[in-house]
Amino acid sequence: MKMEFPERQNSSQLFEEAKKYFPGGVNSPVRAFKSVYGPPLFIKKGSGCHIICEDDHQYIDFCASWGPMILGHDDPDVREAIISTVSNGASFGAPTKLGNRLGSLIIKNHRYLEQLRFVSSGTEAVMSAIRLARGYTGKSKIVKFEGCYHGHADSLLVKAGSGLVTFGVSTSAGVPPSFVAETIVLPLDDLEALSACFAKHHDLAAVIIEPIPANNGLLLQNKEYLQALRSMCTDNGVLLIFDEVISGFRVGFEGAAGLYEIEPDILTFGKIIGGGLPVGAFGARREIMQHISPDGNVYQAGTLSANPVAMAAGYATLVKVMTAGFYEQLEAKTHRFVTNLTEHIVKNGFPMQIVQIGSIFWLCFSPLNIRRADQIDPGTIEYFKKLHLYLLRAGIYLGPSGYEVGFISDKHDDMALDEAAAKISKGLDFCFND
Ligand SMILES: Cc1ncc(COP(=O)(O)O)c(C=O)c1O
């Protein structure tokens with residue numbers, strides 16, 4: 001495979017320039033393409049299910065800005081909402097009707113939410129949810145799971161320590177050991193580890209989980225496991241936080257909580273909730289949310305929180321996903337796409353599978369049922385690197401890491417999905433046979 005990238009000449013030049021301004025040339029590390037071949041593509045335009053790079057190549061986009069673009073790029077209603085709102089001013093730092101409108105739409109249509117607070121990113125939502133859990137319970141330790149990502153707040157940049165040690169180690173410099181000591185890291189899909197943790201620790205404020213873990217492959221959990229987690233939290237007076245930054249409004253309007261019919265104590269959102277603009281939110285029962293300032297003593301604030309333009313984009317997006325049959329159609333077309341790919345994989349005996357839930361899919365380079373992060377063989381990620389380069393050259397854009405999932409929008413029509421399935425199939429032939 002050619003390791004020169006003449007087809008990325010403009011992107012290459014822009015990347016070199018960007019390195020002068022930004023560490024690693026990027027404003028979020030995964031964008032640097034460190035886990036795949038070649039320089040990152042600089043994107044200049046998106047329309048429907050396509051994006052166009054600065055070298056004027058068009059790609060079918062499965063990254064979807066890492067999930068928010070469930071209506072594809074430049075949806076006419078979202079665009080119109082943004083333009084008409086911004087023409088009245090971009091930000092006031094004061095309440096607006098648009099915040100009420102989005103808040104009420106979400107709360108009225110989500111059985112587990114009574115109150116919300118808008119913030120500007122998923123990280124902020126999670127960080128605030130954890131402070132709320134600590135303020136509400138008066139306890140300080142939290143439990144997270146290996147293989148779940150919750151943004152870059154200090155106490156969450158922690159992975160499992162070695163051996164039997166349940167206390168984690170930081171995944172980033174700059175996180176004080178005393179912060180790390182407040183976080184316990186457990187494996188997913190392991191009820192014994194969970195019971196042992198509850199038996200040992202009586203100072204737990206919260207357990208946080210991605211109910212559909214989608215940041216380290218797609219590690220689908222058994223519903224029974226999530227139900228057991230719910231019960232153990234209840235029995236031990238520990239709050240359960242569902243981080244639905246990816247799954248919220250993606251696998252259904254009520255996200256994973258609605259899908260599995262499990263009531264978490266606190267929910268966090270991001271991505272789709274802002275229709276492509278920077279919005280996050282956390283919410284819960286009123287009794288819990290009343291602890292947030294100014295009603296309560298858990299401080300939380302934001303200059304651009306509930307920004308009117310972002311509220312308008314979020315509303316335009318959520319109104320559309322609420323239309324009858326939206327999620328069913330999205331899931332059906334994703335299923336058809338995944339089935340096409342699976343037929344090719346099975347016919348050729350490739351040691352892999354496509355994992356799917358709703359409109360999320362993951363190219364899993366193992367035939368085994370993978371539910372935990374440590375079950376992924378890092379060696380197989382090499383296949384993904386080859387495939388990624390092959391597919392970029394064929395006009396298919398996947399997120400630049402084998403641990404990332406793909407997203408399908410309502411603008412991915414059958415023609416685009418058939419084209420993508422055919423190209424991915426050829427790419428897999430190339431990866432496994434060359
Ligand atoms: C489950 C989950 N939680 C939190 C975050 C952090 O969100 P943000 O990148 O908006 O800060 C992410 C980001 O991908 C996420 O996937």
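In each ligand, atom 1 is the first atom listed, and ligand 1 is the first ligand listed.
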- Task: Would you check if Gln300 and Glu124 make a side-chain contact, meaning some heavy-atom pair closer than 4.5 Å?
- Result: yes
- At a 4.0 Å threshold, what atoms of ligand 1 neighbour a non-hydrogen atom of Asp243? 1 (C), 2 (C), 3 (N), 4 (C)
- Message: Taking the side chain as everything from C-beta on, heavy atoms only, tell me whether Leu387 gets closer than 4.5 Å to Phe365.
- Response: yes
- Which residue and heavy atom of the protein sit nearest atom 16 (O) of ligand 1, plus the separation: Asn215 ND2, 2.9 Å
- Message: Within ligand 1, which atoms have a heavy atom of Ile246 less than 4.0 Å away?
- Response: 16 (O)
- Query: For ligand 1, which atoms have a heavy atom of Glu210 less than 4.0 angstrom away?
  - Reply: 1 (C)
- For Thr123, the ligand 1 atoms with a heavy-atom partner under 4.0 Å come out as 6 (C), 7 (O), 8 (P), 11 (O)
- Query: What atoms of ligand 1 come closer than 4.0 angstrom to any heavy atom of Lys271?
  - Reply: 13 (C), 14 (O), 16 (O)
- Ring centroid separation for His50 and Tyr397, is it under 6.0 angstrom? no
- Answer yes if the side chains of Arg250 and Ser359 hold a donor-acceptor pair under 3.5 Å, and no otherwise. yes
- Ser247, Gly122, Gly151: member with heavy atom nearest to atom 7 (O) of ligand 1: Gly122
- For residues Phe253 and Val321, determine if any side-chain heavy atom of one lies less than 4.5 Å from a side-chain heavy atom of the other. yes
- May I ask whether Tyr149 has any heavy atom positioned less than 4.0 angstrom from an atom of ligand 1? yes
- Note on the structure: Nearest heavy-atom approach of Arg8 to Leu392 is NH2-CD1, 3.3 Å
- Message: Measuring from non-hydrogen atoms of Glu244 to any atom of ligand 1, is the shortest distance under 4.0 Å?
- Response: no
- Considering only the protein, which heavy-atom contact is closest to atom 4 (C) of ligand 1, and what is its distance? His150 C, 3.4 Å
- Under the 3.5 angstrom rule, does the side chain of Asn307 hit a backbone N or O of Val309 as a donor-acceptor pair? yes
